[in-house]
Amino acid sequence: MKGQLFLLLCAIWLMTWWQKDQLPAQLPHIPELRNEPVQEKVDLDPFLASVANENYSIFPKYHYELWGLVVSVHHSDVWWDRMHKRASDYLNIKDICVVWGDQNTLPEFYRNVEFSSGQWTCYYSTRDMQAHNLFQGDRFANNHILADDPFIAEQIMASEIGDIIHFKGYLSDYKGRLTQRQTSTTRTDTGNGACETVYITDFNLLHRSNAGWKKVHLLSGWIISLWVMIALTIFFWPIVQEFAGAPSKRGRLRE
């Protein structure tokens, strides 16, 4: 019975792991999601940002504001991301890939497209002709998110696939001890260098998608972890007691 219950918990965890990152069947009515990004040229001096004892020079070029549906993300601190670690780039904490506009936010489009992220990139693919015809490439963007404020960084890291977000900041070039990147300043470019590099000054989560699935996934993960810890303790405790209570086999030296 206990084994069956544990397997059921594992099945729930796997199912919710899949469901929590699915794009929603319908989006809530948020008119701003159809807005174009606001981009205004600025004349600001470069400034310094510091993360994890690394210093970075920020070169702001445009004030930037965006509303978008998150379709893919990449966390720069994942174990397999060697490029950020090799470059000591701890300022680019996350990549957030978004869509916006009248057509890209239609379920007929985003529900029939596969989105994925690499260490610096965002990809999309579809075999659905309707989705292909709906796609507006200038309303799809991968954002290299820069943040040195812990509170803002926490909000950024909490955003997930399916969420609707709003942020403000600066399209910026930046330079560190071992890294240097430039930002795109247009939504019509593609390929290498087409991503926006945004130093974030304000970040808001307008709508959290799949909230129920995410809560169940988190809860089931906690229960499984606790179950495994208790099981290991029960298994090893007699061995520890036997080892701790075993008499010493060391003989006394004769004098």
Side-chain angles (χ1 to χ4, degrees), residues 21 23 37 39 46-100 104 110 113-126 135-149 152-163 165-201 203:
D21 288 332
L23 291 169
Q39 180 173 321
F47 58 90
L48 289 177
S50 180
V51 180
N53 297 319
E54 292 283 345
N55 295 319
Y56 307 88
S57 297
I58 312 295
F59 304 89
K61 304 178 76 172
Y62 293 87
H63 177 266
Y64 194 61
E65 183 175 8
L66 179 140
W67 296 262
L69 168 66
V70 179
V71 293
S72 186
V73 299
H74 172 70
H75 294 267
S76 303
D77 61 353
V78 294
W79 65 270
W80 53 266
D81 186 334
R82 297 182 179 180
M83 296 179 68
H84 283 83
K85 294 180 179 67
R86 190 177 302 159
S88 294
D89 188 353
Y90 306 110
L91 183 65
N92 174 204
I93 62 173
K94 188 174 185 177
D95 276 16
I96 300 181
C97 189
V98 298
V99 296
W100 67 90
N104 284 2
Y110 65 76
V113 177
E114 292 290 333
F115 298 96
S116 61
S117 291
Q119 295 180 61
W120 302 106
T121 51
C122 184
Y123 306 95
Y124 69 92
S125 64
T126 182
F135 178 62
Q136 296 175 308
D138 59 349
R139 292 168 176 83
F140 163 78
N142 187 45
N143 300 274
H144 299 316
I145 301 297
L146 314 179
D148 60 341
D149 181 283
I152 293 177
E154 183 178 357
Q155 293 176 303
I156 293 167
M157 297 304 285
S159 62
E160 297 179 299
I161 294 171
D163 294 345
I165 61 171
H166 168 238
F167 63 71
K168 297 179 183 179
Y170 297 102
L171 291 177
S172 305
D173 301 338
Y174 72 103
K175 182 178 181 181
R177 181 170 56 88
L178 299 174
T179 187
Q180 182 172 350
R181 295 189 67 81
Q182 294 181 321
T183 183
S184 168
T185 58
T186 176
R187 311 298 86 74
T188 57
D189 52 358
T190 59
N192 187 33
C195 298
E196 284 67 46
T197 302
V198 191
Y199 178 84
I200 300 296
T201 58
F203 191 96

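Residue numbers count from 1 along this sequence.
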Where do [X] and [Y] come nearest, in terms of heavy atoms and distance?
X      : Y      : answer
Leu178 : Ser88  : CD1-OG, 3.6 Å
Ser76  : Lys85  : O-NZ, 4.3 Å
Val51  : Tyr90  : CG1-O, 3.4 Å
Ala194 : Ser184 : O-CB, 3.4 Å
Asp21  : Ile161 : O-CG2, 3.3 Å

Within the distance-only criterion (no hydrogens, no angle test), does the side chain of [X] pair as donor or acceptor with the backbone N or O of [Y] below 3.5 angstrom?
X     : Y      : value
Asn92 : Lys94  : yes
Gln39 : Thr185 : yes
Asp81 : Val78  : no

Worked verdict on Tyr124 versus Thr126 for side chain to side chain donor-acceptor pair (under 3.5 Å):
CA-CA 7 Å; Tyr124 69 92; Thr126 182; over 6 Å; no
Evaluate side-chain contact (heavy atoms from CB on, under 4.5 Å) for Ile96 paired with Phe203, printing each intermediate quantity in order.
CA-CA 12 Å; Ile96 300 181; Phe203 191 96; 4.0 Å; yes
Is any side-chain heavy atom of Phe135 closer than 4.5 Å to one of Val113?
no
Residues Val73, Glu160; criterion side-chain contact (heavy atoms from CB on, under 4.5 Å); working and verdict:
CA-CA 7 Å; Val73 299; Glu160 297 179 299; over 6 Å; no
So Trp80 and His74, would you call those rings parallel, tilted or perpendicular, with 30° and 60° as cut-offs?
tilted
Strictly by modelled atom types, are [X] and [Y] linked by a side-chain donor-acceptor pair under 3.5 Å?
X      : Y      : result
Tyr199 : Asp148 : yes
Glu196 : Thr183 : no
Asp95  : Ser117 : no
Tyr123 : Ser125 : no
Thr197 : Arg181 : no

Separation between [atom1] of [X] and [atom2] of [Y], rounded to the nearest 0.5 Å:
X      : Y      : atom1 : atom2 : value
Cys195 : Gln182 : SG    : CD    : 13.0 Å
Asp149 : Ile200 : CG    : CD1   : 11.5 Å
Ile152 : Leu146 : CD1   : CG    : 12.0 Å
Thr121 : His144 : OG1   : NE2   : 8.5 Å

Apply side-chain contact (heavy atoms from CB on, under 4.5 Å) to the pair Arg187 and Phe140, showing each step before the final yes or no.
CA-CA 8 Å; Arg187 311 298 86 74; Phe140 163 78; over 6 Å; no
Do Cys122 and Cys97 have their SG atoms less than 2.5 Å apart?
yes
